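Structure first, commentary second.
Given the structure is predicted, the values throughout are model-derived calculations rather than measurements. When reading the values below, keep in mind they use all heavy atoms of this one structure, side chains included, and skip hydrogens, waters and symmetry mates. Each residue takes its place number in the sequence, starting with 1.
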Amino acid sequence: MLGFFVYGQADWGAVEWAGSNFEALADSVGSGRLPGAEIAVVVSNREGAPGIERAKVRGIAARVIPSKGLEREVYDRQVVAVCAVQGGFGLFGWVYAVALAFFVASFPNRILNIHPSLLPSFPGLESQRQALEYGVKFAGCTVHFVDENLDAGPIVLQAAVPVRDDDTEETLSSRILAEEHRIYTEAVRIVLEGKYKIVGRRVVRES
């Protein structure tokens with residue numbers, strides 16, 4: 001069971017996504033590529049967020065918990081109260097600037113996030129722009145466990161994307177996104193099967 005998918009745009013420096021990673025995961029669940037998995041609830045802090053609307057279309061429970069005017073921990077406690085009853089693992093469809101220790105402690109090694117860079121390079125916002133400005137020859141994406149630090153949890157999977165000389169932020173982002181859809185599903189499958197262990201910072205797959 002996936003348990004919950006937290007999605008939206010926060011007031012603390014997070015970015016809203018178009019919801020395509022949620023759609024890709026929901027498609028994987030629906031097609032049987034994630035056997036036995038279920039997205040039990042989608043949570044957002046904004047009414048009308050694309051992920052909320054897409055969840056409703058699919059018949060998935062959706063909850064809006066407004067964050068405006070709330071301290072981070074107060075909001076986190078409300079989200080945790082909803083998500084905790086679902087069990088399973090959690091997935092982020094948006095990223096806090098830094099996940100609070102309270103949130104992480106509530107779901108230790110049970111929250112996955114996907115980031116559009118080959119971490120530890122280019123954490124935070126506008127990773128594709130950072131990659132182009134730095135001049136790297138390979139960009140990519142990373143699925144990692146969430147901890148209380150910025151884009152710093154143990155890495156489950158990564159995919160490299162060559163940077164072309166004529167790339168713009170938009171063209172590079174588009175190719176990275178295609179890889180995000182692929183490896184997020186694969187990372188969720190690995191975690192749900194339980195055939196891994198965390199050794200220091202390494203996520204080691206077990207046969």
Side-chain angles (χ1 to χ4, degrees), residues 1-7 10 12-15 17 21-22 24-25 28 33-37 39 43 72-73 76-77 79-80 83-84 86-128 130-131 134-163 176-207:
M1 184 175 192
L2 298 189
F4 57 91
F5 192 101
V6 184
Y7 178 92
W12 311 283
V15 293
W17 291 3
N21 275 305
F22 163 70
L25 284 165
S28 293
R33 291 196 298 274
L34 292 171
I39 300 176
V43 181
R72 271 288 307 278
E73 186 168 342
D76 278 4
R77 287 181 180 275
V79 175
V80 166
C83 295
Q86 306 300 332
F89 283 81
L91 305 169
F92 276 175
W94 50 257
V95 188
Y96 284 131
V98 179
L100 285 186
F102 171 77
F103 203 111
V104 174
S106 299
F107 307 103
N109 294 327
R110 287 170 53 204
I111 306 173
L112 293 177
N113 180 55
I114 189 158
H115 182 77
S117 79
L118 294 174
L119 292 173
S121 297
F122 314 126
L125 302 178
E126 299 182 331
S127 299
Q128 301 93 329
Q130 293 183 60
Y134 199 86
V136 297
K137 300 305 181 184
F138 288 89
C141 49
T142 302
V143 181
H144 63 95
F145 284 103
V146 174
D147 63 16
E148 64 272 19
N149 299 306
L150 177 64
D151 296 328
I155 292 169
V156 181
L157 279 179
Q158 292 182 302
V161 175
V163 178
I176 291 174
L177 186 59
E179 291 299 301
E180 290 181 35
H181 293 170
R182 181 179 66 82
I183 71 167
Y184 212 174
T185 290
E186 176 63 14
V188 168
R189 186 186 62 78
I190 291 169
V191 170
L192 290 181
E193 288 180 348
K195 296 179 180 179
Y196 70 94
K197 58 183 177 180
I198 299 176
V199 182
R201 287 200 44 81
R202 297 181 64 208
V203 177
V204 180
R205 297 181 63 175
E206 300 176 322
S207 57

Please round to the nearest 0.5 Å and tell me the distance separating atom [atom1] of [X] and atom [atom2] of [Y].
X	Y	atom1	atom2	result
His181	Ile114	NE2	CD1	8.0 Å
Leu150	Leu125	CG	CG	8.0 Å
Ile198	Asn109	CD1	CG	3.5 Å

Residue pair [X] / [Y]: nearest heavy atoms and the distance that separates them:
X	Y	result
Ser28	Thr185	OG-OG1, 2.8 Å
Val163	Ala139	CG2-N, 3.6 Å
Ala152	Arg201	O-NH1, 2.8 Å
Pro108	Ala105	CD-O, 3.3 Å
Val156	Ala187	CG1-CB, 3.8 Å
Gly194	Glu206	O-OE1, 4.5 Å

Carefully, step by step, assess Asn113 and Asp151 under the rule side-chain contact (heavy atoms from CB on, under 4.5 Å).
CA-CA 8 Å; Asn113 180 55; Asp151 296 328; 4.0 Å; yes
Would you sort out whether Leu112 and Phe145 count as a side-chain contact (heavy atoms from CB on, under 4.5 Å), showing the intermediate values?
CA-CA 5 Å; Leu112 293 177; Phe145 284 103; 3.8 Å; yes
Take Asn21 and Leu177 through the test side-chain contact (heavy atoms from CB on, under 4.5 Å) and record every step on the way to the result.
CA-CA 8 Å; Asn21 275 305; Leu177 186 59; 4.0 Å; yes
Taking [X] for its side chain and [Y] for its backbone only, find out whether a donor-acceptor pair lies under 3.5 Å.
X	Y	value
Thr142	Leu119	yes
Gln158	Ile183	no
His115	Pro120	no
Glu180	Ala159	no
Ser117	Ser127	no

Excluding sequence neighbours, so at least two apart, what forms salt bridge (charged side-chain N to carboxylate O under 4.0 Å, His left out) with Arg33?
none
According to side chain to side chain contact (heavy atoms under 4.5 Å, CB included), who are the partners of Glu126, at least two apart in sequence or on a separate chain?
Arg129
Trace of the side-chain contact (heavy atoms from CB on, under 4.5 Å) decision for Ile190 with Lys195:
CA-CA 6 Å; Ile190 291 169; Lys195 296 179 180 179; over 6 Å; no
